[in-house]
Amino acid sequence: MKFIWAKGQLNRNTLLSFYLKINKKCSMLKLCAVDFYQVYVDGELVSYGPSRTASGYSCLRELPLDSAKEILIK
């Protein structure tokens, strides 16, 4: 499992994008976020979030990656 965090000081209305080209077989993407996100696998929107929770909490979302080549999270 690899954790990815934004570096530096972030201000409001900041857009972050994460792109990953997969060279080896991956079975699952685990994603936990507080702010809005969209997940694209091989150019197709497969998920968005976050799930509704109480203030100060977030939900873990697990997405299967059967034969994915590219992942974009923005």
Side-chain angles (χ1 to χ4, degrees):
M1 182 182 297
K2 182 177 181 181
F3 293 95
I4 301 174
W5 301 95
K7 294 182 181 178
Q9 182 179 5
L10 298 177
N11 297 320
R12 292 180 185 260
N13 299 323
T14 301
L15 176 65
L16 296 174
S17 295
F18 299 97
Y19 174 79
L20 176 65
K21 191 167 190 168
I22 301 173
N23 296 328
K24 57 184 177 179
K25 185 171 178 145
C26 295
S27 61
M28 186 168 301
L29 172 68
K30 294 182 180 183
L31 181 64
C32 188
V34 175
D35 294 323
F36 183 76
Y37 63 87
Q38 296 173 328
V39 180
Y40 294 86
V41 175
D42 296 333
E44 182 180 334
L45 178 66
V46 294
S47 183
Y48 60 91
S51 300
R52 294 182 62 112
T53 60
S55 180
Y57 291 88
S58 58
C59 291
L60 177 67
R61 180 163 291 177
E62 296 180 348
L63 302 170
L65 300 175
D66 296 329
S67 60
K69 303 287 185 215
E70 298 176 338
I71 300 172
L72 173 65
I73 303 172
K74 61 179 185 174

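Keep in mind that what you see is a predicted model, and the values were worked out from it rather than measured.
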Should we say atom CZ of Phe18 is surrounded by more than 12 heavy atoms from elsewhere, each under 6.0 Å from it?
yes
Is it the case that the side chain of Arg61 and the backbone of Tyr48 share a donor-acceptor pair, with hydrogens and angles ignored and the cut-off at 3.5 Å?
yes
Scanning both residues in full, the closest heavy-atom pair of Lys74 with Ser17 reads CB-OG, 3.5 Å
Taking side-chain contact (heavy atoms from CB on, under 4.5 Å) as the definition, give me every residue that meets it alongside Leu31, ordered by chain and number, with sequence neighbours left out.
Tyr37, Val39, Ile73
Closest heavy-atom pair, Leu60 versus Lys30, reported as atoms and distance to 0.1 Å, is CD1-CB, 4.0 Å
Do Ile22 and Lys69 come within less than 4.5 Å of each other through their side chains, counting heavy atoms only?
no
How long is the span from the OG atom in Ser47 to the CD atom in Glu62, to the nearest 0.5 Å?
12.0 Å
For Leu45, which fellow cluster members are found when Ile, Leu, Val, Met, Phe, Trp and Tyr are connected by side-chain heavy-atom distances below 4.5 angstrom, either directly or through intermediates?
Tyr19, Tyr40, Leu72
